[in-house]
Every structure is written in structure tokens, then in C-alpha cells.
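For reference, the structure is listed below as C-alpha cells.
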Amino acid sequence: MEQNDFSRTDAGTNLKPAGAAIRPESGRRAPRLPPVRWTLPGFCGGARITTSFGDLPIQALRRRDPLRTVHGTLATVEWIDCIQLDEEFLQSNPDALPVRISAGAFGGGKPERDLVVSPHQLVNVSPSQYRQDFRLARDLTDRPGILRQPDLLIRYHVFHCATPATVIVEGLCVSVSP
């Protein structure tokens with residue numbers, strides 16, 4: 001095999017064919033897993049979510065934190081997870097690649113800063129936060145300032161509230177399901 005067909009492991013000391021896992025006990029390659037249908041919502045690190053005590057980076061969010069909803073009420077975080085996707089998974093499952101929404105892509109400073117989300121994150125595309133028109137981020141890439149972001153390693157932060165809620169992330173309304 002040519003050198004391009006290999007990826008480095010163990011700090012660059014061992015080589016293995018790209019896309020194949022080596023079983024340590026046998027030395028044989030494990031079969032490549034079939035692609036999956038990516039449907040999880042989520043946010044990449046650095047996104048700021050509005051809580052009752054101000055804007056907080058999503059990676060600092062904890063269970064039972066009170067989030068401000070678009071209607072001014074509070075929704076409590078019930079569940080949090082962090083999902084890391086590596087290069088091999090992303091190459092096999094390109095629909096899991098994140099979507100970058102540039103600052104101001106929806107006008108009026110929404111979002112306030114660039115926001116990187118999972119392609120299945122529901123985002124309110126309405127110019128008014130009170131009129132809700134939610135779309136999957138992956139379906140917005142035909143708009144200026146919204147595109148797929150190629151990456152080799154992604155970490156999505158996912159959280160859910162006890163009931164469906166519309167919360168504010170970087171000044172943009174997003175839907176969170178239980």
C-alpha cells in the first residue's frame with residue numbers, strides 16, 4: 001500500500017490501513033462499520049446559552065441550571081451529554097459534520113457570534129423571536145453565511161429540558177426537546 005493509505009496511531013509510531021481497526025488479540029482488521037443516520041442535535045463548544053444568571057458557555061452547563069426561554073420563563077436542564085466524533089466516523093458519516101452559522105446570518109445580529117451546531121439542531125429562522133419557524137441547520141446551507149464546516153474532530157454538547165423549550169443561544173432561538 002502507498003503511504004497515503006495509512007493513518008498514524010500511537011503518537012505516530014504504528015501504521016494501520018486508513019479506516020480499518022486492528023484487533024490487538026488477532027492482528028486482523030475489524031470490518032468498517034456501515035454509515036449511520038445522524039439525527040442528534042447539539043452545539044459545539046464556546047456557544048453561549050442564556051441562563052437565569054446570564055450567558056454561559058455551553059460546556060459549563062450543568063444539570064438543574066435554569067435557562068431563560070424566549071417567553072421569559074425558565075426551563076430546567078434535565079440531561080447533558082458530550083459526544084465526540086473522530087475523523088474516521090466523520091468520513092464515514094458526512095451528515096454528522098457541523099453547520100457554521102455566521103454572526104448576523106439571520107439579520108439583526110442573530111446570531112451574535114458565529115455559532116457551530118449539529119446539522120439536526122432546530123433553529124428559528126423567523127426574524128422575530130416570537131414567531132417560530134424552526135428548521136434543521138443542515139437545511140439552511142443554501143443561505144448566505146451558513147455552511148457545512150469540515151472538521152477532523154467534533155465535540156457536540158447536547159442538553160434537554162423536562163419539557164420542550166425554546167431557549168436562546170448566541171441571541172438565536174433554538175428548540176430543545178425533552
Side-chain angles (χ1 to χ4, degrees), residues 21 32-106 110-126 129 132-143 145-178:
R32 180 177 263 191
L33 296 174
V36 298
R37 185 168 179 259
W38 185 259
T39 60
L40 292 175
F43 305 88
C44 289
R48 297 174 304 168
I49 184 161
T50 303
T51 68
S52 67
F53 42 88
D55 289 350
L56 186 69
I58 196 126
Q59 60 268 35
L61 201 61
R62 300 292 177 256
R63 190 167 181 259
R64 292 189 283 284
D65 277 349
L67 306 178
R68 285 253 177 247
T69 69
V70 70
H71 303 292
T73 59
L74 296 177
T76 304
V77 175
E78 293 292 323
W79 178 81
I80 301 171
D81 200 2
C82 182
I83 301 164
Q84 184 166 314
L85 307 178
D86 64 9
E87 180 179 10
E88 184 176 346
F89 182 88
L90 290 167
Q91 285 177 349
S92 299
N93 302 281
D95 194 44
L97 283 170
V99 174
R100 175 177 291 279
I101 303 172
S102 298
F106 293 110
K110 293 180 184 177
E112 295 166 354
R113 298 184 323 160
D114 286 3
L115 179 62
V116 181
V117 299
S118 167
H120 281 267
Q121 180 61 54
L122 287 169
V123 176
N124 186 11
V125 299
S126 172
Q129 68 181 14
Q132 297 178 354
D133 182 10
F134 288 100
R135 308 278 173 89
L136 293 175
R138 74 173 187 179
D139 296 336
L140 302 174
T141 56
D142 60 342
R143 293 178 177 221
I146 303 175
L147 54 104
R148 285 292 183 130
Q149 178 173 305
D151 264 311
L152 300 178
L153 182 67
I154 294 294
R155 181 174 288 153
Y156 287 123
H157 298 272
V158 183
F159 68 93
H160 296 282
C161 299
T163 60
T166 301
V167 297
I168 302 167
V169 178
E170 295 295 347
L172 190 64
C173 299
V174 298
S175 179
V176 179
S177 299

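Numbering of residues begins at 1 and proceeds along the displayed sequence.
- With a 4.5 Å cut-off on side-chain heavy atoms, Ile101 and Lys110 do not count as touching.
- Looking at heavy atoms from C-beta onward, Gln121 lies out of side-chain contact with Val169 at the 4.5 angstrom threshold.
- Nearest heavy atom pair, residue Pro150 against residue Leu97, reads CA-CD2, 4.2 Å.
- Atom OG1 in Thr166 sits 12.0 Å away from atom CG in Leu67 (nearest 0.5 Å).
- Relative ring orientation between Phe159 and Phe43 is described as parallel, the plane-to-plane angle staying below 30° on a 0-90° scale split at 30° and 60°.
- Interatomic distance, CG of Leu172 versus CD1 of Ile49, reported as 11.5 Å (0.5 Å rounding).
- At least one donor-acceptor pair closer than 3.5 Å links the side chain of Arg63 to the backbone N or O of Glu78.
- From Ile146, atom CD1 reaches atom CZ of Arg138 across 14.5 Å, with rounding to the nearest 0.5 Å.
- Heavy-atom minimum distance, Leu85 versus Ile83: CD2-CG2, 3.9 Å.
- Smallest separation of non-hydrogen atoms from Val158 and Pro41: CG2-O, 3.2 Å.
- Summarising the geometry, atom CD belonging to Glu88 is positioned 10.0 Å from atom CG belonging to Asn93; distances are rounded to the nearest 0.5 Å.
- Across every non-hydrogen atom of Pro178 and Ala162, the tightest pair is CB-O, 3.5 Å.
- Residues in residues 151-161 take part in these side-chain hydrogen bond (donor to acceptor under 3.5 Å, both in side chains) pairs, two or more places apart or across chains: Gln84-Arg155, Gln149-Asp151.
- With values rounded to the nearest 0.5 angstrom, Thr141 atom OG1 is found 8.5 Å from Leu147 atom CG.
- Counting heavy atoms from C-beta on, the side chains of Ile154 and Phe89 never come closer than 4.5 Å.
- Here the straight-line distance linking atom CG of Leu122 with atom SG of Cys173 works out to 12.5 Å at 0.5 Å rounding.
- A search for side-chain hydrogen bond (donor to acceptor under 3.5 Å, both in side chains) contacts involving Asp114 returns Arg100, not counting sequence neighbours.
- In this structure a side-chain-to-backbone donor-acceptor pair under 3.5 Å is missing from Asn124 to Val174.
- A pairwise comparison of heavy atoms in Ser52 and Leu74 identifies CB-CD2, 3.8 Å as the closest pair.
- Counting only heavy atoms from C-beta outward, the side chains of Leu61 and Leu56 approach each other to under 4.5 Å.
- The side-chain hydrogen bond (donor to acceptor under 3.5 Å, both in side chains) contacts involving residues 168-178 comprise Arg48-Glu170, Arg113-Glu170, where partners must be two or more places apart or lie in separate chains.
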| Could you go step by step and tell me if Val99 and Arg148 meet the side-chain contact (heavy atoms from CB on, under 4.5 Å) rule? | CA-CA 4 Å; Val99 174; Arg148 285 292 183 130; 3.9 Å; yes

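- Listed for the Thr50 side chain is no donor-acceptor partner under 3.5 Å among the backbone atoms of Arg68.
- Closest non-hydrogen pair, Ala105 versus Pro111, comes out as N-CD, 4.1 Å.
- Looking only at distances, no side-chain donor or acceptor of Asp65 sits under 3.5 Å from a matching main-chain atom of Val77.
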